[in-house]
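A short write-up of the structure that comes next.
What's counted below: heavy atoms across the whole structure, side chains too, no hydrogens, waters or symmetry copies. Model, not experiment: these values are computed from the prediction. By convention here, the first residue in the shown sequence is residue 1. Remember, it's 1-based here, ligands and their atoms both numbered in the order they're listed.
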Amino acid sequence: MLQEKITQYTAEINAFSTTKADELEQFRIKFLGTKGIIKDIFDEFKAVSPEEKRTLGKVLNEFKQLAEAKYQSLKEEGGQAQGGKDAGMDLTLPGEGFEVGARHPLALVRREIVEIFNKLGFIVAEGPEIEDDWHNFSALNFPEEHPARDMQDTFFIKKGGEKGDIALRTHTSSVQVRMMEHGKPPFRALMPGRVYRNEAISARAHCFFHQIEGLYVDEKVSFADLKQTLFYFVQELYGEGTKVRFRPSYFPFTEPSAEMDISCTICKGDGCQLCKYSGWVEILGCGMVDPNVLENCGIDSKKYSGFAFGMGIERIANLKYEIKDLRLFSENDTRFLSQFKSALI
Ligand SMILES: [Zn+2]
């Protein structure tokens, strides 16, 4: 009895081949539903004799598996034919990862420096990269015969003209001039940006690099303020206990001028290759803003005084990450850039 039914239904299942959703659903209800044929057959099976159970049990299970397999395969086939979005998709597989970008090391260092000076009330100021002679040289006290005005050192865009020579700025000091011209003291600002020099590209020099300068102008600003500000900056950037020293220097736009060294970050002063066994590493130039510069920008130099400082962002990044070749910063090699991923947050 039961065997006959199974044989008959097996033939029906094998003959069934439509993938139409509604007919397939009817098939499911008919065979696999809670009131379906398989349920009925299993109910009947309970009543057969123990001898029959042994032979029929296996047949019954195979019949059930056949109905389920038929339904699944037709359903999948139908889904793919319709191009359903879940067709053939295994939702239990892990998702595809996506690449997270990294911040450029120069951007990281720039941000770190800006954050330190922000705590002291310094804002960020910006200016154009194409500058005229006045903002890049004359207002900053560069004498006519200064070598920086030479074609050998600077990229000129236009010689002569209404506003004098036009060039790619050679330093971010031009932003200081613009700020002082258009505002009133007190000034407390940082000027980060890209600058250009006519240099052959090598591991140690590039035709463009990045500077960050600072300017503080107010009444009674002294060299002691300059020293304390930079001392604080160095402790924040390189850690407590980092020593500083100032060496007399010369810049056209500051008087007096100095260069600042810090105790070597690698050997802590004992002497190593980085500091050329001196124990000291130069990191920036600074000085009191020359009264001529203040006057050039329309500021009363008898009432106001100020200090300025400037450093190369590449230089600071080199010391921080021990990068030996400057060219890496501008080549966009992802093998280099991806190393800064961990510093993303
Ligand atoms: Zn050293």
Side-chain angles (χ1 to χ4, degrees), residues 102-117 119-120 122 171-172 190 192 194-195 197 199-214 223-251 254 256-287 307-331 333 335-344:
R103 282 190 200 278
H104 194 281
L106 294 179
L108 288 170
V109 170
R110 175 194 144 136
R111 187 174 64 171
E112 199 177 346
I113 296 169
V114 167
E115 277 173 3
I116 293 169
F117 283 102
K119 290 185 207 165
L120 297 173
F122 282 72
H171 48 194
T172 46
L190 283 183
R194 184 175 290 169
V195 301
R197 306 269 171 96
E199 300 248 13
I201 297 168
S202 71
R204 302 181 133 263
H206 211 293
C207 61
F208 68 81
F209 55 96
H210 299 79
Q211 281 189 331
I212 193 157
E213 295 198 4
F223 202 90
D225 297 320
L226 166 62
K227 286 179 86 171
Q228 184 55 39
T229 302
L230 294 179
F231 181 75
Y232 170 79
F233 163 65
V234 165
Q235 304 305 302
E236 289 286 304
L237 190 65
Y238 293 108
E240 297 263 329
T242 309
K243 293 188 190 114
V244 298
R245 75 173 183 189
F246 291 80
R247 287 177 289 106
S249 186
Y250 169 79
F251 303 109
T254 46
S257 305
E259 269 166 304
M260 191 179 85
D261 300 337
I262 59 166
S263 49
C264 179
T265 51
I266 306 289
C267 67
K268 308 286 173 212
D270 294 341
C272 70
Q273 226 173 0
L274 178 79
C275 60
K276 299 190 181 76
Y277 300 93
S278 70
W280 296 95
V281 184
E282 184 194 323
I283 65 161
L284 57 80
C286 57
F307 65 73
F309 56 87
M311 66 195 103
I313 300 180
E314 279 85 347
R315 171 87 180 142
I316 306 292
N318 284 350
L319 290 174
K320 193 175 172 69
Y321 299 119
E322 291 175 57
I323 297 159
K324 301 228 159 41
D325 193 330
L326 262 183
R327 291 169 292 195
L328 284 167
F329 288 122
S330 51
E331 281 172 349
D333 187 332
R335 289 169 304 177
F336 170 70
L337 295 174
S338 63
Q339 293 177 58
F340 299 91
K341 254 180 199 166
S342 58
L344 184 70

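The aromatic rings of Phe340 and Phe336 sit perpendicular to each other, their planes meeting at more than 60°, with 30° as the lower class boundary.
For Lys243, the salt bridge (charged side-chain N to carboxylate O under 4.0 Å, His left out) test picks out no residue, with sequence neighbours left out. With sequence neighbours left out, the salt bridge (charged side-chain N to carboxylate O under 4.0 Å, His left out) criterion links Arg194 to no other residue. Arg204 meets the side-chain hydrogen bond (donor to acceptor under 3.5 Å, both in side chains) test with no other residue; sequence neighbours excluded.
Below the 2.8 Å limit, the Zn ion (ligand 1) has as protein N, O or S neighbours Cys264 SG, Cys267 SG, Cys272 SG, Cys275 SG.
In this structure the side chain of Cys267 reaches within 4.5 angstrom of the side chain of Cys275, judged on heavy atoms.
Residues Thr172 and Pro192 approach most closely at CG2-C, 4.2 Å, considering heavy atoms.
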